[in-house]
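Chain identifiers are assigned alphabetically (A, B, ...) following the order of the sequence lines, protein sequences preceding nucleic acid strands; residue numbering begins at 1 within each chain.
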Number of protein chains: 2
Amino acid sequence: MSSHPHNTPCELCSSRKFSLFSDLPEAQICNISDHKNLISHRKGQILYYEGTKPLGIFCINSGVVKIYKTASNGKEQIIHLAQRGDFLGYAALLGEENYSNSAMILEDAKICFVPKEVFINSLLHNPQFFRRVAKSLSHEIGVMEGKLTDATQKSIRERLAYVLLQLGNSYGVEGGGNQKIDLILSREEIAGIVGTATESVIRLLSEFKKDNLIELEGKKIIIKDRRGLARLSDFYA
Amino acid sequence: MSSHPHNTPCELCSSRKFSLFSDLPEAQICNISDHKNLISHRKGQILYYEGTKPLGIFCINSGVVKIYKTASNGKEQIIHLAQRGDFLGYAALLGEENYSNSAMILEDAKICFVPKEVFINSLLHNPQFFRRVAKSLSHEIGVMEGKLTDATQKSIRERLAYVLLQLGNSYGVEGGGNQKIDLILSREEIAGIVGTATESVIRLLSEFKKDNLIELEGKKIIIKDRRGLARLSDFYA
DNA sequence: AAAAAAAGGTGATATATATCATATAAATAA
DNA sequence: TTATTTATATGATATATATCACCTTTTTTT
């Protein structure tokens with residue numbers, strides 16, 4: 001019987017079913033569990049910086065992490081928001097490159113760290129797992145292609161509307177026929193997701209509010225008219 | 001001894017050393033060679049369309065292929081230009097998704113097709129090869145993150161200057177202290193790479209020419225001042 | 001609680017670039 | 001060759017959005 005010095009063992013981890021570890025055989029889960037390290041992080045903390053060398057992967061147990069790049073003008077482009085079950089840093093690890101982005105905690109998080117060798121060994125000893133990871137990498141490429149195309153071909157208004165819909169999908173809480181985005185983001189961060197200036201986000205949000213598409217409740221945004229936003233976003237699905 | 005019905009066997013393929021197949025063991029190379037299919041393609045032909053199902057991977061022996069997405073406004077966003085040694089379609093295959101982009105021949109090409117099962121089997125039977133492929137996928141993600149950040153944070157002028165430098169790196173032929181981009185691209189295609197309107201590319205190229213950064217020789221662009229373009233592109237390296 | 005800092009908000013303004021129109025040049029077809 | 005289509009070029013114009021300035025509100029620090 002293996003010992004599990006670092007809090008909850010992976011075998012019992014509630015976020016595992018959302019992760020790439022979900023259908024790993026028991027033996028390998030235990031092995032990873034033995035070598036992992038669970039750390040609590042507070043909002044604002046940096047998990048890793050762009051340009052530094054990855055020493056393992058992170059697996060999010062709870063909380064939200066923003067993955068971003070700092071452009072030459074100093075602004076942040078947020079690549080995506082990661083949450084429960086998401087892996088971080090495995091692309092850099094597998095790419096044998098330094099981190100291509102930085103990661104900062106957006107909502108207090110518990111995150112496991114799995115050292116490089118342990119992770120790589122699981123891949124090499126379990127082709128099905130490796131394939132699952134490759135599938136995830138591949139999927140990510142398609143997502144990025146879409147983001148690039150949107151960035152060059154859509155207006156800021158369209159992109160903001162679309163970002164709100166996505167945030168609703170990921171962090172939405174239904175209530176009163178509306179959907180509240182249950183995640184605190186500054187206007188600057190929303191601008192970083194959309195890829196625009198903070199003032200533009202503020203102005204457009206006011207406009208959306210005036211047009212009864214959204215409502216502002218403190219820092220949180222409530223989506224009142226999903227179809228309206230979808231129409232605005234030029235996203236028909 | 002295995003038979004090689006489809007032209008040059010991979011063992012003797014001159015473009016292999018540039019590809020992910022470069023350090024595959026002899027036995028596996030031969031196996032792939034037995035199942036591959038070499039096809040010649042003319043400029044303008046479509047290799048595959050976005051949204052269709054991948055049945056294998058393509059390996060470019062010669063020629064140039066543009067990989068692009070068609071935006072909702074009908075414009076093409078060119079994701080990248082692929083050339084000798086590049087693999088196409090393996091992300092969709094590994095992602096178990098339909099193609100996220102389309103591929104069109106830009107310069108007459110010879111391209112091998114390797115059926116899905118043959119490719120997947122080589123991966124599963126050779127973890128080192130799998131790792132190499134995963135490395136390539138991972139690298140691609142980092143590249144896309146950079147492109148996204150550039151698209152949202154840099155001006156068209158900066159991006160065009162940078163694209164010209166890149167085209168020079170990939171397709172440049174030195175001569176008379178200058179560098180000729182030896183690839184025929186329409187202004188519309190350059191616009192598709194940069195992510196802008198055709199007229200903007202035409203105007204900016206005229207400007208660059210006036211500023212003695214480039215020269216136009218028929219359809220081809222000659223780079224006269226790399227440092228000048230680098231300065232303009234906000235890319236210091 | 002007071003002070004300081006950070007975030008949110010709004011107006012004024014500048015400007016890069018998209019769009020539309022039209023002309024010329026080049027490539028392709030008849 | 002001539003005709004037709006396509007690509008390149010340039011001007012005029014509109015406009016979305018970045019930038020700057022300033023104010024208010026909220027949050028954090030002391």
Worksheet entry | Check against side chain to side chain donor-acceptor pair (under 3.5 Å), Glu145(A) and Asn101(B) | CA-CA 8 Å; Glu145(A) 289 173 356; Asn101(B) 52 50; 3.0 Å; yes
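- Under a cutoff of 6.0 Å and an axis angle of 45°, Lys66(A) and Tyr68(A) form a cation-pi pair.
- Less than 4.0 Å separates DNA chain D from at least one heavy atom of each of the following residues of residues 200-226 of chain A: Ser200(A), Arg203(A).
- One atom, CD of Glu188(B), and another, P of dA7(D), lie 7 Å apart when rounded to the nearest Å.
- As rounded to whole Å, 19 Å separates atom P of dT6(D) from atom CD1 of Ile184(B).
- Counted within 6.0 Å of NZ on Lys220(B), heavy atoms from surrounding residues, nucleotides or ligands total more than 12; the atom is thus considered enclosed.
- Between Thr198(A) and the options Thr196(A), Ile202(A), Val201(A), a side chain to side chain contact (heavy atoms under 4.5 Å, CB included) holds for only Ile202(A).
- Bracketed by its first and final contacts, the part of DNA chain C lying under 4.0 Å from non-hydrogen atoms of chain A reaches from dA7(C) to dA12(C) in 5' to 3' order.
- For the atom pair CD1 of Ile223(B) and CG of Asn178(B), the computed distance is 9.5 Å after rounding to the nearest 0.5 Å.
- Of the listed residues (Phe21(A), Phe18(A), Phe113(A)), just one forms a ring pair (Phe, Tyr, Trp, His ring centres under 6.0 Å) with Phe87(A), and that residue is Phe21(A).
- Over its full length, the helix from dA1(C)-dT30(D) to dA30(C)-dT1(D) turns its helical axis through 50°, comparing axes from the five pairs at each end and rounding to 10°.
- Under the 6.0 Å cut-off for aromatic ring centres, Phe58(B) and Tyr90(B) do not qualify, their centroids lying 6.0 Å or more apart.
- The residue among Thr198(B) and Ser155(A) whose nearest nucleotide of DNA chain D is located toward the 5' end is Thr198(B).
- Shown here is Glu188(B), whose CD atom has no more than 12 heavy atoms of other residues, nucleotides or ligands within 6.0 Å.
- For the pair Leu165(B) and Arg226(B), the minimum side-chain heavy-atom distance is below 4.5 Å.
- Other residues, nucleotides and ligands place no more than 12 heavy atoms under 6.0 Å from the NZ atom of Lys116(B).
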